[in-house]
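What follows is a set of notes on a single structure, which appears directly below.
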Amino acid sequence: DTAVSQTPKYLVTQMGNDKSIKCEQNLGHDTMYWYKQDSKKFLKIMFSYNNKELIINETVPNRFSPKSPDKAHLNLHINSLELGDSAVYFCASSQVTRESSYEQYFGPGTRLTVT
Amino acid sequence: GIQVEQSPPDLILQEGANSTLRCNFSDSVNNLQWFHQNPWGQLINLFYIPSGTKQNGRLSATTVATERYSLLYISSSQTTDSGVYFCAVDSSNFGNEKLTFGTGTRLTIIP
């Protein structure tokens, strides 16, 4: 009964390739996020989507293209992979309302290694 | 943007000891969460605590929003408590929510 799931868990690929990471949440949330954790364990927001609409794009290179086919799914496509893209990518979701505050729930992460 | 500082950066304790982890932030927040990243890399939600005090078993947390800090208490530490503890906050307006993470406290519990 995983709340936020990601596939694949591990991804090893060569420089220049294109790859995708998929995320699904079954919590009924309307907002989904991608975060990147670098080799020093620092976590930073990349994108957020609310009801399939892009809300935040945190100065991420345009080689990264998120896509939300519906509010339960947020995928991340990366073109022309570079060594510096090696990291752990976390998907998260939350329910956002004007009246109440919210909590973000994270997926298990996808460890991307570019060689 | 908002700054988040966590202390100490590293903590090594014997099993059974108690610990206090601190998170300072530079602006008012509408969300504050504590996470435990276990040795397998999973981010586990511990507390959602933009203000007040909460307890869950051996863990408790307090956020004093007016003074811009939060504390995470771990009592009677177990080896399974090892990992990195992150504080994350959000100070953005409605519709632009995002968490800004601190650099974490690495906790090692020795049997």
Side-chain angles (χ1 to χ4, degrees), chain A residues 2-6 9-11 23 25 27 29-51 53-60 66 87-113, chain B residues 1-6 8-11 21 23 28-52 54 56 61 63 65 70 82-108:
Chain A
T2 307
V4 184
S5 59
Q6 295 178 228
K9 191 166 173 59
Y10 300 97
L11 189 49
C23 177
Q25 55 96 4
L27 296 167
H29 290 165
D30 61 1
T31 304
M32 297 184 72
Y33 311 81
W34 280 110
Y35 288 84
K36 178 180 179 180
Q37 186 172 41
D38 63 23
S39 58
K40 295 183 179 177
K41 298 280 195 184
F42 185 64
L43 274 149
K44 189 174 179 198
I45 183 79
M46 298 175 69
F47 301 102
S48 76
Y49 268 74
N50 178 275
N51 277 317
E53 183 182 340
L54 178 66
I55 303 298
I56 291 175
N57 179 342
E58 200 76 357
T59 61
V60 178
V88 180
Y89 293 85
F90 286 96
C91 177
S93 74
S94 69
Q95 183 64 28
V96 177
T97 69
R98 216 176 262 283
E99 293 76 27
S100 65
S101 48
Y102 64 100
E103 180 174 5
Q104 290 191 23
Y105 294 86
F106 282 70
T110 295
R111 182 176 295 276
L112 171 64
T113 303
Chain B
I2 193 167
Q3 305 298 312
V4 184
E5 294 180 355
Q6 290 186 245
D10 291 279
L11 193 53
L21 282 57
C23 172
S28 58
V29 298
N30 46 42
N31 180 10
L32 188 146
Q33 291 183 241
W34 282 98
F35 295 90
H36 174 211
Q37 188 165 38
N38 64 22
W40 295 271
Q42 287 180 298
L43 276 171
I44 299 163
N45 288 38
L46 296 178
F47 293 103
Y48 166 71
I49 189 166
S51 63
K54 291 186 178 179
N56 184 3
T63 297
S70 183
S82 294
V84 181
Y85 289 80
F86 289 103
C87 169
V89 304
D90 181 25
S91 62
S92 51
N93 298 326
F94 171 73
N96 290 288
E97 289 78 5
K98 63 178 182 182
L99 287 176
T100 298
F101 281 78
T103 50
T105 292
R106 181 177 297 278
L107 177 64
T108 303

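All heavy atoms count here, side chains included; hydrogens, waters and symmetry mates do not. Letters A, B, ... are given to chains in the order of the sequence lines, protein chains preceding strands, and every chain is numbered from 1. A quick note: this is a predicted structure, and the numbers were derived from the prediction, not measured.
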So what's closer than 4.5 Å to chain B heavy atoms on A:Phe90: side chain, backbone, both or neither? side chain
Based on non-hydrogen pairs under 4.5 Å, which of A:Gln104, A:Lys44, A:Gln37 is most in contact with chain B? A:Gln104
Backbone N/O of A:Gly109 and side chain of A:Gln6: donor-acceptor pair under 3.5 Å: yes
Can you check whether B:Gln3's main-chain N or O pairs, donor with acceptor, with B:Glu5's side chain at less than 3.5 Å? no
Going by salt bridge (Lys or Arg N to Asp or Glu O under 4.0 Å), name the pairs with one or both residues in residues 34-44 of chain B, residues two or more places apart or in two chains. none
Nearest non-hydrogen partners of B:Lys54 and B:Tyr48, listed with the distance: NZ-O, 2.6 Å
Before giving the answer on side-chain hydrogen bond (donor to acceptor under 3.5 Å, both in side chains), spell out for B:Asn31 and B:Glu97 the whole-Å C-alpha distance, their side-chain angles and the decisive distance to 0.1 Å. CA-CA 9 Å; B:Asn31 180 10; B:Glu97 289 78 5; over 6 Å; no
Is there a donor in the side chain of A:Tyr35 and an acceptor in the side chain of A:Glu58, or the other way round, less than 3.5 Å apart? no
Please lay out, stage by stage, how A:Gln95 and A:Tyr105 fare under the test side-chain hydrogen bond (donor to acceptor under 3.5 Å, both in side chains). CA-CA 10 Å; A:Gln95 183 64 28; A:Tyr105 294 86; over 6 Å; no
Heavy atom to heavy atom, less than 4.5 Å: which residues from residues 82-91 of chain B reach chain A? B:Phe86, B:Asp90
Contacting region of A:Ile56 [heavy-atom separation from chain B under 4.5 Å]: side chain
